[in-house]
Colleague: 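First the structure, then my questions, so here it is.
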Amino acid sequence: MRSIFHIPLRDYPITRKLTLIMVTVTTVVLIMTVLGFMVYQVYHGRKVVRAEISTLAKVMGTNCEASLVFNDAQSAKDALGGLNTAESVLFACVYGAQDSPFACYRREGKGAGASSFPSFPQKSTSGELDTFFSEITEGIPYVDDYLDVVEEIRFDGERIGRIWIRSDYRQLEKSFTEQLIITAIFLLAACGFSFLLAKRFQGIITAPILHLSRSMKTVGDQKDYALRVDKFSRDELGELYDGFNNMLEQIADRDRELEDHRINLQGEVDSRTADLTRANRELEETISMLSKAKDDAEAANRAKSQFLANMSHEIRTPMNGVLGMTELLMATELSERQRHLAETVQQSGKSLLGLINDILDFSKIEAKALTLAKVKVNLRSLVEETMEMFSTTAHAKGLELACFVDPNVPVAVWGDPDRIRQILINLMGNAVKFTFDGEVVFRLWVKTIADGKCILRMEVTDTGIGIPKDKLDAIFDPFSQVDESMSRKHGGTGLGLAITRQLASMMGAGLVVESVYGKGSTFSFSLELEIAGELKRPDDPWRGCLSGTKILLVEDNRSSREIISYYLSLWKVNLVVAETGKEALAILRSARKENGPFDIALIDEVMPTMNGFALARQIRSEPDLAATCLVGLTSVGVTNDHQEQDMPFDSELNKPIRASSMLNCLLSIVEKKQTTISLDRKPSVDVPSRIKTDARILLVEDNEINREFAQSALEILGCKADFAHNGKDALTAIQERAYDLIFMDCQMPEMDGYEATEKIRQLEAHGDGHKKGIPIVALTAHAMRGDENRCKAAGMNDYLSKPFTVDQLKVILEKYLGSDDDETVAPSKPDGVSTEERFIGDTDAVLEESVLEQYKVFDAVGKKDFLPSMINKFFDRVPQQIQLLRDALCQNDTETVHRIAHSLKSNGGMLGATRFSKACLALEEETHKELQPLTPGERQNYEKMIDTIENAFEIVKDELTRFLSRSR
Ligand code: ADP
């Protein structure tokens, strides 16, 4: 319904809608009225007819009364004949007392309708006629075509007969039909008329609406808010007009306001823009001033730091002289006063040197000139050695010094040992300096080990003066101290922690402090370090090695007790702990009686009440206890109250206790023989027993410095080598002699290492009497990832990237020249062979001293002059080579330029001259791709690069000279 009527109607014009509504309403009302009237007419008409026929029946009955009484059927028939005037009566029948038809009337002619006549009932009994009459009179009065009326005929109150009249309704219906037609015609006329009227009068409503609508359209189209509509009336439509006009008025007002505002705004915007432009200009000027000021400040800062660094360097050299001379002076015969003066000079000199070193480090860090080395570090040794440095001072102050190194700490990690040591020295130095009673404990333990990395936590705890809460942050600021008077007394610059924190953060660690004022402090940091080589735990083989040995530990200090107990528990010792001498004696005595004596007693020499010596002497004096071996835990620097001859201990261990020393000591006692066990795989330069020292080695190397280094390193390792200067010489050499191992430089004149190796492999393949599969190890200064593959493709077995260390060389020798009886499987990849991290790292240091540190191994075998001679050769060679570079460039010989740059890079790398090597690498890479002839631009570029190399050389030359003078 809705979709049929509602939607189309909704879009009709309002005039049509109104007309339609009016016509529809009128029509519906008329139809309803007419229908009501017609229904009434039918109902009423029938009612009247019924009443009339009933009256007629009664009258006829009365008329036939006499006829029935006198049984005169004819007169009754005549009387019935009068019904002829009543047009609707179809027939009538009078029944006698016995309900037999007495007289009948039947309409004749038009309208009689034969079918309308029922046959007269011939009933034998009055009961049957009753039933018949009741049936015909109860017909439906408005639906049936006929009306049957039966009336009784009475005489003296007694029924003497009945009259039955049937009337025809169809007459009535005919007149109704006529009425209906006429009414319908009128209805139509009325609808038409109402349409005309509606059409005419809807204008009263629609005209103002349409007018308003048109006006709105005009306003909308023309945006003419000045337009007003004239009101037609004062009704709601009139109000609508007023509302509309009012609205237009408001819009016009708003427009005016907007316009005014716009005009003002424009002005405001213009003025603001001008302000902003001015402010912007000022800001830009300020920024540029600030940026210049920042650059100036940074430059000044750099200059200051550089100046400080230079000055520190310059001062350090004479300071070394002063200290050295003072030491020499003190070694001579001096009077008491002179010695005192000399000692004061030495003390002051040392303080000054410390200060200078701090300033140098600090300025280096500030100038971002400090780079971290990445070398193999044995952390356990580093820590233990550092702790030992403090034992004298700490014990002299009566402090307990304990050191715990987690047995899980990997044997070797990659890191900068000097800087790690510096951090530890600083923290330990402070802890010892600011503690006057109690203990200083260092702990190193492994937090995690995974994916070739480990996180190690280091912690220095003391029971010293502590730091006030409000100073906890400030102590890390440079030159800041909690109590300057104390620092004056004990020395210190206030730079130590600033440097330490910076160093720790360069290693990715955050240095934190926790302290309770008056009670003590804990400084700690966590370092993430790469594990060098395979993950080996140093003391794995020793776990449980003292299983069952009965040991008594007598130690009054809790930390030391815990640390020593922990180590002993790893070796599965049967341990009992005592805190005092008295307690120890009681335990020893009762053990003797109950379950046998202790094998060993570890006794702290410094204890209150009964010290270690007194206890030991007491034990010695009791024959029952004499079987127990006594080991004294001695604090270096504490005056012992014993003479060498009445030494009550079988052996002594220095505090802080090293796990390895303790194990050695205990094992030697247990096995009753001296067994030395090293817990650590020290970077040793001993001739490794596993290398066949009579092996024949060929070293193919064109660069004199590199050759000399390799030769000396091989000598240290007990090997000798023949030399070849290039690939061609090497080929000749191997034809003359069978070699066990060849070290092959890759870049060489005439025939490079790759080609030489390929040729050697070809010769081997032809089987011309050559030894097959000689191991060839590349010596490459490329140190790029990918070099390894190139070497392997050429047929080389391994590679050693320059600069290499003696240790790395040793690993290679062990791998290829391991003695036949050597069961040890050589590592498949040389452990730590590649030093590429150092070479291609981000560092741009002029001189990486850590590289030079590695030459110390030569000192150890009496070749103290080796490094100076290498450096001098470097000094001699580089200027010549730079001249050759320039000559080659003049002749457009980029190949020679490339080769010399490569060789210089390698020499620089050997001596830690990283910046110089990088400058050479840049030229090497640049000339690698060049084809002749050179363009003027390229030539200029190369000349600049050679200048850079020359400059870098001059700078590193100074640094190396200083290094030499320092280390002399
Ligand atoms: P300094 O060379 O004076 O020791 P540091 O930077 O190493 O300089 O330390 C700064 C200050 O922090 C010290 O002067 C001291 O006041 C305080 N401090 C450092 N370590 C400790 C500690 N373990 N116990 C108490 N105070 C400490």
Side-chain angles (χ1 to χ4, degrees), residues 308 312 316 319 347-366 370 383 386-387 389-391 393-404 418-444 457-507 509-525 559 656:
L308 277 176
S312 306
R316 235 155 54 147
M319 272 314 296
Q347 199 47 47
S348 310
K350 278 184 178 163
S351 309
L352 186 56
L353 195 62
L355 174 67
I356 292 164
N357 283 339
D358 276 358
I359 293 178
L360 177 64
D361 278 344
F362 188 70
S363 47
K364 261 187 173 176
I365 293 173
E366 283 251 291
L370 191 129
V383 164
T386 311
M387 292 307 128
M389 285 168 61
F390 291 95
S391 60
T393 333
H395 295 147
K397 284 178 87 176
L399 303 177
E400 181 78 20
L401 185 63
C403 163
F404 168 71
D418 294 338
R419 297 304 172 187
I420 297 175
R421 188 180 297 112
Q422 190 175 353
I423 294 177
L424 299 186
I425 288 177
N426 243 314
L427 298 179
M428 284 298 294
N430 279 344
V432 172
K433 186 161 67 176
F434 295 109
T435 305
F436 303 102
D437 187 21
E439 61 179 32
V440 173
V441 184
F442 175 85
R443 290 186 181 84
L444 160 61
R457 185 170 168 78
M458 302 197 200
E459 190 181 280
V460 177
T461 305
D462 64 55
T463 53
I465 58 172
I467 303 157
K469 240 187 178 157
D470 58 328
K471 294 278 168 50
L472 281 177
D473 285 336
I475 55 166
F476 293 103
D477 295 339
F479 304 108
S480 80
Q481 293 166 325
V482 175
D483 180 350
E484 281 175 20
S485 63
M486 182 165 298
S487 295
R488 257 198 306 281
K489 203 159 109 200
H490 297 280
T493 57
L495 275 174
L497 285 180
I499 294 170
T500 306
R501 179 173 262 192
Q502 297 262 34
L503 286 176
S505 96
M506 282 173 75
M507 294 179 196
L511 177 64
V512 288
V513 58
E514 284 166 39
S515 185
V516 180
Y517 190 46
K519 292 249 160 84
S521 320
T522 299
F523 286 82
S524 61
F525 60 98
S559 305

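Order of appearance sets the numbers: ligands from 1, and atoms from 1 within every ligand. The first residue of the sequence shown is numbered 1, and numbering continues consecutively from there.
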Colleague: Going by atom type alone, with no hydrogens or angles, which donor-acceptor pairs under 3.5 Å involve a side-chain atom of residues 509-519 and a protein atom two or more places apart or on another chain?
Modeller:
from, atom 1, to, atom 2, distance (Å)
S515, OG, I467, N, 2.8
S515, OG, G520, O, 3.1
S515, OG, S521, OG, 3.0

Colleague: More than 12 heavy atoms of other residues, nucleotides or ligands under 6.0 Å from CG of D437: yes or no?
Modeller: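 For D437, atom CG is not crowded (no more than 12 foreign heavy atoms under 6.0 Å).
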
Colleague: So, regarding F434 and ligand 1 (criterion: nitrogen or oxygen to nitrogen or oxygen, under 3.5 Å), is there a contact or not?
Modeller: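 No.
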
Colleague: With no hydrogens and no angle check, is any side-chain donor or acceptor of S505 less than 3.5 Å from a backbone partner on Q502?
Modeller: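 Yes; at least one donor-acceptor contact below 3.5 Å.
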
Colleague: For side-chain contact (heavy atoms from CB on, under 4.5 Å), just list the numbers for D462 and V432, CA-CA rounded to whole Å, side-chain angles, deciding distance to a tenth of an Å, and then say yes or no.
Modeller: CA-CA 8 Å; D462 64 55; V432 172; over 6 Å; no

Colleague: Under 4.0 Å from a heavy atom of G466: which atoms of ligand 1 are those, numbered in the order shown and with their elements?
Modeller: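 Atoms satisfying the 4.0 Å criterion: 25 (C).
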
Colleague: For ligand 1, find out whether one of its N or O atoms is nearer than 3.5 Å to an N or O atom of K433.
Modeller: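 Yes - when backbone and side-chain N and O of K433 are compared with those of ligand 1, one distance drops under 3.5 Å.
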
Colleague: Report the residues that fulfil side-chain hydrogen bond (donor to acceptor under 3.5 Å, both in side chains) with S524, sequence neighbours left out, ordered by chain and then residue number.
Modeller: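 Here the qualifying residues are R457.
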
Colleague: For atom CG of D470, is the number of surrounding heavy atoms from other residues, nucleotides or ligands below 6.0 Å larger than 12?
Modeller: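 Check passes, neighbour count above 12.
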
Colleague: Heavy-atom contacts under 4.0 Å between D462 and ligand 1: side chain, backbone, both, or neither?
Modeller: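 Within the 4.0 Å criterion, D462 contacts ligand 1 through side-chain atoms alone.
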
Colleague: Is ligand 1 under 4.0 Å from a heavy atom in the side chain of I467, in the backbone, in both, or in neither?
Modeller: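 Side chain only.
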
Colleague: List every atom of ligand 1 that sits less than 4.0 Å from any heavy atom of F523, numbering the atoms from 1 in the order shown and giving each element.
Modeller: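 With F523 as reference, the close atoms of ligand 1 come out as 20 (N), 21 (C), 22 (C), 23 (N).
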
Colleague: Select one of side chain, backbone, both or neither to describe which atoms of F476 lie under 4.0 Å from any atom of ligand 1, heavy atoms only.
Modeller: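 No part of F476 is near ligand 1 at this cut-off.
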
Colleague: Determine whether any heavy atom of G464 lies closer than 4.0 Å to an atom of ligand 1.
Modeller: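 Judged by the 4.0 Å heavy-atom criterion, G464 does not count as contacting ligand 1.
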
